[in-house]
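Given the structure is predicted, the values throughout are model-derived calculations rather than measurements. Each chain gets a letter, A, B and so on, in the order the sequences are listed, and its residues count up from 1.
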Amino acid sequence: MVQERYNHQAVEKKWQDIWYAGQDFVASEQSAKPKAYILDMFPYPSGDGLHVGHPEGYTASDIFSRYLRMTGKTVLHPMGWDAFGLPAENYAIKTGTHPSETTKTNIATFKRQIQSLGFSYDWSREVNTTDPEYYKWTQWIFLKLFEHGLAYEAEAPINWCPKDQTGLANEEVVGGKCERCGTPVEKKNIRQWLVKITDPKYIERLLNDLDTLDWPESIKQSQRNWIGKSEGAHITFALRGITGQDEDKHSVQVFTTRPDTIFGATFLVISPELAKSWLSIGWKASSQVTDYVAKALATSDIDRQNDSKEKTGVDTGIRAMNPANGEAIPVWVADYVLGGYGTGAIMAVPGHDERDFAFAKKYELPVRRVVEPKFVATSGESAVKEGQDFVKRNVICAIIRNPKDGKYLCVEWKPVHMHGLITGGLEEGEDMVQAALREIHEETGYKNVRLVRNPEFAIHSLFYHRVKKVNRWGRFNYLFFELENEEQDLRTEEDKKLMDIVWKREDELTGFFSVIEGEFILNFIKNPNYIHTAAGVLANSGQYDWLDSAEASKQIVAWLQKQGKGKSAVNYKLRDWVFSRQRYWGEPIPIVHCPKDGNVAVPEEDLPVMLPDVKKYEPTGTGESPLANIEEWVNTTCPKCGGPAKRETNTMPQWAGSNWYFLRYCDPHNSKQLADPEKLKVWLPVDTYIGGAEHAVLHLLYARFIYKFLRDIGSVPNTLPDEPFTKLINQGLILAEDGQKMSKSRGNVVNPDLVVREYGADSLRMFEMFMGPLNDTKPWNTRGIVGVKRFLDRAWAVFMKISSENQNGKLSLANGKSRSIHKLVKDITNGIQAFELNTCISSFMKFFNGEENQPDWRPKLNSSEEWERVSETGLAIDLEAAEKFIILLSPFAPHLAQELWGQLGHSDQVHSQQWPTFDAAKVIAENVEVVVQINGKVRDKFTVVANTDDEALKSKALASDKIQKWLDGKAPKKVIVVKGKLVSIVV
RNA sequence: GCCGCUGUGGUGGAAUUGGUAGACACGCACGACUCAAAAUCGUGUGGGGCAACCCAUGUCGGUUCGACUCCGACCAGCGGUACCA
């Protein structure tokens with residue numbers, strides 16, 4: 001045995017020094033090779049340093065970058081710092097240390113830690129969002145937004161901590177309370193800068209272009225939900241009874257996605273915000289209404305959340321005219337209608353909306369059902385016949401309950417298999433109740449039943465009527481009866497032959513009905529308050545009855561439009577982006593407020609507007625940033641008129657710097673423009689972007705928006721795609737060993753420095769990849785790391801042996817002997833391309849251990865006797881395979897691979913070698929094991945040479961003693977052969 | 001509630017996409033080396049049974065010669081979202 005051990009500390013340091021001193025990973029625009037842009041989400045350099053979650057994504061992107069370089073690509077793989085933000089500022093409040101000091105220290109720590117892992121970043125392109133040379137361009141982008149009318153000032157509600165007297169970012173609000181002091185957070189309207197991400201020029205592109213991206217479906221879905229597009233209509237309701245107003249002239253517009261339900265609108269609800277605006281233009285409302293509005297508006301969203309979902313509201317006394325049927329319906333004000341969405345007013349359709357229903361129940365408002373569920377038979381004997389018209393019928397269906405035992409009366413038809421309820425058509429002059437009573441008596445003989453609920457539920461069932469030979473469209477009206485007593489006329493023998501009467505408990509009804517709508521009926525039976533919120537067929541809607549929801553919506557909107565009372569409309573949940581923070585440690589917003597000229601942009605040549613030093617970092621208490629206290633900075637002159645003016649004191653949010661950093665990497669030192677378009681053309685778009693799913697919505701949406709904007713104004717060449725990140729990969733969260741999130745307060749954080757010192761950077765890299773699929777959430781397990789450590793140590797020992805044998809001249813070559821290297825090349829290549837890096841590691845181990853513990857490229861050397869034996873006889877190895885193995889391993893464990901590469905006598909860098917290729921014919925094993933199944937169970941196995949034909953496999957399987965025993969003389973019914981895999985015998 | 005994802009040994013996970021479930025690794029047990037320990041190496045390791053065999057991929061059902069994989073219903077966990085009409 002070789003006693004000397006791999007000294008990872010010395011080896012890793014040695015190669016890192018060489019790599020970072022040289023130009024090995026510097027990306028050049030001049031290269032003739034095809035480009036690849038592999039991007040990591042840049043970190044916020046926190047005071048805690050790196051934790052083991054960071055290197056997971058960095059390792060994956062580094063493996064991919066190193067792989068791509070070896071396949072002949074020029075790879076741009078940069079790193080930088082998203083360094084503005086709150087922790088540094090809070091630290092400054094506590095200690096007085098300037099955030100720029102803290103930031104500098106933290107960046108140094110992060111950089112040292114990242115470099116200790118041997119990542120192949122191009123450090124010449126490092127960016128830092130707090131560098132004036134960088135934020136000059138962040139400010140420039142803001143000016144462009146302002147210039148194009150996409151940045152504007154407005155009063156907007158923000159999270160406000162009344163104790164700290166400051167605005168808070170959403171991230172600082174935890175469970176409705178201030179992160180720092182625990183005080184419940186309020187909503188407060190303060191002057192803000194907003195960016196118009198909802199601009200029609202962008203919102204549809206932000207939504208539709210998602211379809212073109214190779215991103216995880218879940219992230220695309222989150223963005224779609226966040227944008228929240230709803231298609232529907234604006235409908236105008238005339239108002240009566242607004243006292244203090246010119247009555248006839250008043251109307252209210254509602255937004256609805258369901259114009260088909262308009263005949264079911266039994267009241268109208270306006271938001272407190274809308275009510276306030278009506279009050280402000282002279283509506284003389286009752287004190288109840290004004291009190292309610294005042295109270296609702298004083299309550300923050302967060303408080304509303306903390307309260308129960310119990311809905312509250314007040315009748316305004318106003319009446320609205322339903323434009324569909326002219327009906328006057330009451331107008332209520334309630335806080336379950338949001339002021340900021342749609343028109344701030346809704347038509348309430350309690351028959352088909354859960355929230356409206358709950359409100360209607362509470363305040364005893366009428367419920368009217370106007371959409372009925374629809375079922376179409378598409379399979380079996382009752383399947384609707386294509387091309388034939390439907391015969392429409394109103395029919396009744398009786399649900400009869402025996403109150404004594406709670407059972408329901410059902411019928412089983414005998415000639416055709418049909419389990420159902422008492423059903424029948426209406427005869428001339430009958431109403432539904434009469435028809436039901438008649439059918440009940442005719443079919444069952446029961447004489448005394450009592451109607452308990454009106455026929456309010458109906459289901460449309462479309463099927464082929466096998467007896468009448470027509471397509472039937474039945475509207476089944478459900479009537480609920482109770483059996484008063486069991487008095488019953490005798491049923492005729494003929495009736496008894498035709499059908500049985502059975503009584504079923506409620507729980508026995510599940511699965512009993514044989515009609516397509518059968519299971520659905522249970523909703524009505526089990527829940528008297530069932531309301532149908534899905535689409536269906538219209539009823540109680542005049543000329544629109546029997547129409548499907550979609551068609552009815554179309555016709556109703558068209559009809560309303562003709563009256564000038566409605567038109568189709570689209571609404572989005574996405575709001576404009578609050579772009580200001582009342583904080584110090586951010587980019588100053590480059591705007592000057594002039595009493596004469598209003599908001600004036602700082603001229604481009606005066607950028608950057610430098611962030612000045614302050615003495616105190618505490619918020620001012622007025623909702624202004626600490627910058628407001630620096631008079632000599634705030635007071636300036638208007639760039640337009642030269643008169644006295646004041647600087648904007650709000651700063652930008654952290655997103656501002658991270659929106660566009662991937663552009664700056666393409667040309668990080670440009671002082672003339674944010675990046676040279678020619679350089680952008682070389683590198684963009686980002687081919688692969690790796691980062692955490694916590695940025696699923698905000699960062700990735702904002703960055704897409706800013707990119708589209710910059711492309712529209714020509715800063716990004718329009719020959720490039722309209723999306724910046726072609727492929728996105730999420731790394732999953734790494735949890736602590738206890739299965740919880742790693743956090744300082746829990747004391748379960750794993751420090752990568754300690755892991756690197758103990759096990760080495762290569763072990764950490766390999767282990768993070770080995771833990772599982774990249775995008776899974778998975779717990780850290782320090783004990784598990786010894787597995788990869790052992791593997792690397794073994795590899796080192798074996799190659800050291802090879803090296804020494806080589807120097808002793810005892811190495812004999814068996815090049816081309818190894819077949820398994822071909823499979824390894826294939827597995828690693830495919831694994832890297834698919835980012836299945838966990839299985840790559842096990843492929844390495846398998847190759848190294850060898851099939852059945854016998855590697856085919858070297859003698860197995862696992863005992864000292866064997867070592868001594870080969871030392872005497874000489875070591876025969878497939879050196880080509882051995883070198884390929886090192887090359888394949890190098891993206892994963894670059895230090896060890898480089899060291900071994902040198903030990904084998906190479907003086908160049910392993911990362912600049914050609915990526916190996918494989919011979920497909922040698923990937924397939926020479927011999928394959930074939931299994932023999934009988935009725936799906938494995939009964940025998942045998943080994944044959946690969947490519948044995950099907951017939952030979954079949955006869956070999958049938959000839960087997962074991963199989964003959966199982967067949968027991970019976971002839972196989974069927975034999976299925978899967979080439980090179982199995983023989984399946986059916987008996 | 002809604003949207004999305006995930007359920008496989010004691011643990012992390014694998015399974016060529018419908019073809020031998022548990023690869024690879026951790027842990028554990030036993031053995032070798034050692035005065036001893038660590039390290040290292042070897043053997044074994046889903047459960048039941050002496051065995052032939054049987055059971056087993058969250059649960060129940062279906063399709064199939066054959067299901068972790070496809071379909072239906074349900075359960076559990078994680079993440080996002082919160083009255084968006």
Report the base-pairing partner of [N] (Watson-Crick or G-U wobble, both distances below 3.5 angstrom), or none.
N	result
B:C83	none
B:A67	none
B:C24	B:G12
B:A29	B:U43
B:A37	none
B:C78	B:G4
B:G18	none
B:A56	none

Would you indicate what [X] reaches in the nucleic acid, counting non-hydrogen atoms under 4.0 angstrom: base, sugar-phosphate, or nothing?
X	value
A:K778	sugar-phosphate
A:E217	nothing
A:R224	nothing
A:D793	nothing
A:K973	nothing

Stepwise, does the salt bridge (Lys or Arg N to Asp or Glu O under 4.0 Å) test hold for A:K954 with A:D950? CA-CA 6 Å; A:K954 186 174 163 182; A:D950 290 4; over 6 Å; no
Within this structure, what is the [atom1]-to-[atom2] distance between [X] and [N], rounded to whole angstrom?
X	N	atom1	atom2	result
A:D776	B:G13	CG	P	6 Å
A:L274	B:A85	CG	C1'	14 Å
A:N849	B:U43	CG	C1'	15 Å
A:L701	B:G80	CG	C1'	15 Å
A:W796	B:U40	CH2	P	14 Å
A:M769	B:G12	CE	C1'	14 Å
A:E737	B:C26	CD	C1'	12 Å
A:K220	B:G4	NZ	P	14 Å

Euclidean distance for [atom1], [N] against [M] (whole angstrom):
N	M	atom1	result
B:A14	B:U57	C1'	12 Å
B:A73	B:C50	C1'	43 Å
B:A56	B:C75	P	23 Å
B:U69	B:G62	C1'	15 Å
B:U20	B:C68	C1'	14 Å
B:G61	B:G80	C1'	32 Å
B:G31	B:A76	C1'	43 Å
B:A32	B:A38	C1'	15 Å

Each nucleotide N or O in nucleotides 61-66 of chain B that has a protein N or O under 3.5 Å away: list the pair and distance.
residue : atom : partner : partner atom : Å
B:C65   : O2   : A:S984  : OG           : 2.6

Would you call B:G9 syn or anti, using the 90° rule around 0? syn
When syn is taken as a glycosidic angle within 90 degrees of 0, is B:U17 syn or anti? syn
Within a 6.0 Å radius of atom NZ on A:K229, are there more than 12 heavy atoms belonging to other residues, nucleotides or ligands? yes
Could you check whether atom NZ of A:K823 has more than 12 heavy atoms from other residues, nucleotides or ligands sitting under 6.0 Å from it? no
Ignoring the backbone of [X], work out which of [options] is nearest its side chain.
X	options	value
A:K937	B:G27, B:C55, B:A14	B:C55
A:Y336	B:G13, B:U16, B:C83	B:C83
A:N225	B:C3, B:A25, B:A85	B:C3
A:K981	B:C26, B:U20, B:G19	B:G19
A:K846	B:A23, B:A14, B:G19	B:A23
A:R794	B:G12, B:A85, B:C41	B:C41

Between A:T782 and A:E737, is any side-chain donor less than 3.5 angstrom from a side-chain acceptor? yes
Do A:S230 and A:N571 have side-chain N/O donor and acceptor atoms under 3.5 Å apart? no
Give me the ring orientation class for A:Y530 and A:H532: parallel if the planes are under 30° apart, tilted from 30 to 60°, perpendicular past 60°. tilted
A:F255 and A:Y341 aromatic ring geometry - parallel, tilted or perpendicular at 30°/60° bounds: perpendicular
Taking OP1 and OP2 of B:A85, is either one under 4.0 Å from a side-chain nitrogen or oxygen of A:R258? no
Are A:F767 and A:Y759 close enough that their ring centres sit under 6.0 Å apart? no
If you take the centroid of each ring, where Trp contributes its six-membered ring, are A:F848 and A:F844 closer together than 6.0 Å? no
Lys NZ or Arg CZ of A:K311 over A:Y336 ring: under 6.0 Å, within 45°: yes
